[in-house]
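In what follows, every heavy atom counts, from backbone to side chain, and hydrogens, waters and symmetry copies are set aside. FYI, the numbering just counts along the sequence from 1. Computed from a predicted structure; not experimentally measured.
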Amino acid sequence: MERIIAEEPNSWKNATDCSIAELNKNCLQFIEEVTTNVAEVQRRVLAEILSRNANVEYLQRHDLNGHTDRETFKKVMPVITHEDIQSDINRIANGDKSPILCSQPISGFLTSSGTSGGERKLMPTIQEELRKRFQQRSLAMSVISQFVPDLEKGKGMYFLSIKSEAKTPGGLPARTVLTSIYKSPYFHDRHRNPYANYTSPAETILCPDSYQSMYSQMLCGLCQHKEVLRVGSYFASSFVRAIRFLEKHWSLLCNDIRMGTINTQITDQSVRESVMKILKPDPELADFIEAECSKDSWQGIIARLWTNTKYVDVVVTGSMSQYIPTLDYYSNGLPLVSPMYGSSECPFAINLNPFCKPSKISYTFIPTMCYFEFAPIHRDNGVINSTSMSKSLNEKQQNQLVDLVDVQIGQEYELVVTTYSGLYRYRVGDVLRVAGYKNNAPQFYFVCRENVILSIDTDKTDEADLQNAVKNAGHSLIPFDVNVTEYTSYADTATFPGHYVLFWELNVHGSTQIPPSVFEDCCLTIEESLNSVYRQGRASDKSIGPLEIRIVEIGTFDKLMDYCVSLGASIDQYKTPRCVKVAPLVELLNSRVVSSYFSPTCPNWVPGNKQWNNMN
């Protein structure tokens, strides 16, 4: 097979053999070449994927018959969702090693933040896919280096952590993308990469206890504060959580720095040993941190403690945009850089203008990552048409899919991918808008995730899930002759950690007083009804706080409608929004709250898939 136009940079593995400038030059040249020759690169990527996998069961099932051309591929292969390949995924998970989706060995599954049937979706992965993720990071850092000279001379203070993982019945690991990255040999070899010099030792990142991991990483970051040139985490929510952790525990951290000892709550021996290689008694640094943290205002605390920091490296697009005001407050307006865009399915794109305003962030698709297609999205009165995002596309809609080079500026699309690891014409569920071009490669704004209305961290709750959860909780009110007449919700990120808030308006027929414990049980029932990603965030990761129900006065939702109509909404087409994000609407609802209740305990969650757990 002929090589794809440009040679992919080898992620710094030869960093000792040539200069940083040469490595950056190679990456930037690669970007220039593949964004210029998009159509040819995409044609060859598809041909390479199909020729490698010509004999896999899935392609044979659809009678592709060894064809590698785009026309035949689009004619015979359907556009699919995860549900369409669920049985194939289950076979692989249960130990079937025959080439079902991919000719290369499946090394494991990446668990998506999106769910199917309430459980995390499983994405098959191969070693090559992992290499592409590190390549994506290398390309992004080479771009950033154009804006920040000598970045490789300092360190990055990144708060990174692993999540609970499981093994499938067939023995394959099932873990999140980030956990897979941090446990990979590529990550452990990062000392070769001058841009992967972090303040956190590997032992602190790989510690499964979230408190010990965060405490030790923050301690190491404070001890090396003068060397830090950039700070961040993968998601904005994680970095905000780290700063709020500092807000709560700075006095303990100062004591450790002053004495040169580590708190006894840190019991993981490997973590203690790795931290003690960095930690030395430093009363002067402890006094400095104490003086800054004990001030009345925490505005600009990042810039005040880590004085050489050039930018904050976090994803602030999509649902993470809700954290931008908080990040601006803590950082004193340091640039917020979202360097990359990808998903559990595949890495996709990088940000070629990383220091732009968050509202202007667009991602340039790298055509070597996979084969990209795009399903046009249509809106009715500004709302995405339900047929555009229906679970299955009819023949006419499938024929409307366009290639990467054929998208139109200003048009919105749903992303569809064909990957090296065995997904073919797979609907990712992300809605993107074309912002412009880099050479011949489109640049996209991230608009939203399909149907998602609530998100605090990596959780994604859609309207149907929320409706079902409220319905289940409403059963507890039936004995009191009470029902929920209207409801809405919002993600409250002002608390630590953030939590879901539901506003309920009740229709009370009976006279019996409802005990608070009943509403608390309603909170827990809702949580138990939500998907496994949410429940893991509550029970294991502690990244989401207890769900809250706020009971509002009768007539509140009429007031909500009046307000929306006063702003121009059509009274004939008005539907109660199941999530509110605009401050005046939240304020209106909060002004009419008569009581509030929280979930009394964490919902049930165990690692793995419900189906596997039932087999044990």
**Request:** Take Lys460 and Asp465, measure what salt bridge (Lys or Arg N to Asp or Glu O under 4.0 Å) needs, and give me the verdict at the end.
**Result:** CA-CA 10 Å; Lys460 294 178 174 67; Asp465 287 342; over 6 Å; no
**Request:** Take Ser338 and Asn351, measure what side chain to side chain donor-acceptor pair (under 3.5 Å) needs, and give me the verdict at the end.
**Result:** CA-CA 7 Å; Ser338 286; Asn351 183 356; 5.9 Å; no
**Item:** Steps toward salt bridge (Lys or Arg N to Asp or Glu O under 4.0 Å) verdict (Glu373, Arg427)
**Value:** CA-CA 9 Å; Glu373 295 178 88; Arg427 297 173 63 184; over 6 Å; no
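Shown here for Asn53 and Ser103, the closest heavy-atom pair between the two residues is OD1-N, 2.8 Å. Listed here is the closest heavy atom pair of Thr458 and Val533: O-CG1, 3.7 Å. Between Leu334 and Thr309, the closest heavy-atom pair is CD2-O, 3.6 Å. Nearest heavy-atom pair, Gly221 versus Val228, reported as atom, atom and distance to 0.1 Å: O-CG2, 4.3 Å. Tyr323 approaches Ala236 most closely through the heavy-atom pair CB-CB, 3.9 Å. Taking every heavy atom of both residues into account, Ser455 and Ala491 meet most closely at O-CB, 3.7 Å.
Side-chain atoms of Gln217 and Ser200 form a donor-acceptor pair, as typed in the model, at a separation below 3.5 Å. For the residue pair Gln86/Asn90, the side-chain donor-acceptor check at 3.5 Å is satisfied. Between the side chains of Thr199 and Gln224, no donor N or O sits under 3.5 Å from an acceptor N or O. Of the N and O atoms on the side chains of Asp403 and Tyr371, at least one donor lies less than 3.5 Å from an acceptor on the other residue. Side-chain contact of Thr176 with Thr179: a donor-acceptor pair under 3.5 Å is present, judged by distance alone. Under 3.5 Å, the side chains of Lys163 and Gln536 contain no donor-acceptor pair of N or O atoms. Residues Tyr195 and Asn24 bring a donor and an acceptor atom of their side chains to less than 3.5 Å of each other. Looking at Arg433 and Gln411, their side chains never bring a donor and an acceptor atom within 3.5 Å of each other.
Comment: Lys121 does not engage Glu83 in a salt bridge, judged by the lack of any side-chain N to carboxylate O separation of less than 4.0 angstrom. Electrostatic pairing of Lys153 and Glu227 does not count as a salt bridge here, judged by no charged N lying under 4.0 Å from a carboxylate O. A salt bridge is absent between Glu129 and Arg133; no separation between the charged side-chain nitrogens and carboxylate oxygens falls under 4.0 Å. With respect to the salt-bridge test (charged N to carboxylate O, under 4.0 angstrom), the residues Lys75 and Glu71 do not qualify. Between Glu128 and Arg52 a salt bridge is recorded (basic side-chain N to carboxylate O distance below 4.0 Å). Ion pairing between a basic and an acidic side chain is recognised when a charged N comes within 4.0 Å of a carboxylate O; Asp88 and Arg61 show such pairing. A salt bridge does not link Arg43 to Asp69: none of the charged side-chain nitrogens sits closer than 4.0 Å to a carboxylate oxygen.
Residues Leu178 and Ile162 form no side-chain contact, since every pair of their non-hydrogen atoms from C-beta on lies 4.5 Å or further apart. Side-chain contact between Pro347 and Arg137 is absent, with no heavy atoms from C-beta onward closer than 4.5 Å. For the pair Glu412 and His378, the minimum side-chain heavy-atom distance is 4.5 Å or more. Using a 4.5 Å heavy-atom cutoff, the side chains of Phe372 and Ile366 are not in contact. Put simply, the side chain of Leu432 does not reach to within 4.5 Å of the side chain of Val447, judged on heavy atoms. Counting only heavy atoms from C-beta outward, the side chains of Leu423 and Thr418 never approach each other to under 4.5 Å. Two residues are said to be in side-chain contact when any heavy atoms from C-beta on lie closer than 4.5 Å; Phe30 and Gln135 meet this criterion. A heavy-atom distance below 4.5 Å is found between the side chains of Cys102 and Ile126.
Here the side chain of Asn37 pairs a donor or acceptor atom with the backbone of Glu33 at under 3.5 angstrom. Of the possible polar contacts, one joining the Thr168 side chain to the Gly170 backbone as a donor-acceptor pair under 3.5 Å is found. Not a single donor-acceptor pair under 3.5 Å links the side chain of Ser237 to the backbone N or O of Asp457.
If you take CD1 on Ile49 and CG on Leu59, they are separated by 10.5 Å, rounding to the nearest 0.5 Å.
Shown here is Gln408, whose CD atom has no more than 12 heavy atoms of other residues, nucleotides or ligands within 6.0 Å.
Put simply, the residue from Leu229, Leu151, Leu336 that forms a side-chain contact (heavy atoms from CB on, under 4.5 Å) with Tyr311 is Leu151. Shown are Tyr363, Tyr445, Tyr341; of these, the side-chain hydrogen bond (donor to acceptor under 3.5 Å, both in side chains) with Thr317 is made only by Tyr363.
Classification of the Phe348-Phe365 ring pair by plane angle, with boundaries at 30° and 60°, yields parallel. Note on ring orientation: taking the six-membered ring where Trp is involved, the planes of Tyr413 and Phe444 are perpendicular (angle over 60°, cut-offs 30° and 60°).
Remark: Lys132 is positioned above the aromatic ring of Tyr420, its terminal NZ or CZ atom under 6.0 angstrom from the ring centre and at most 45 degrees off the axis.
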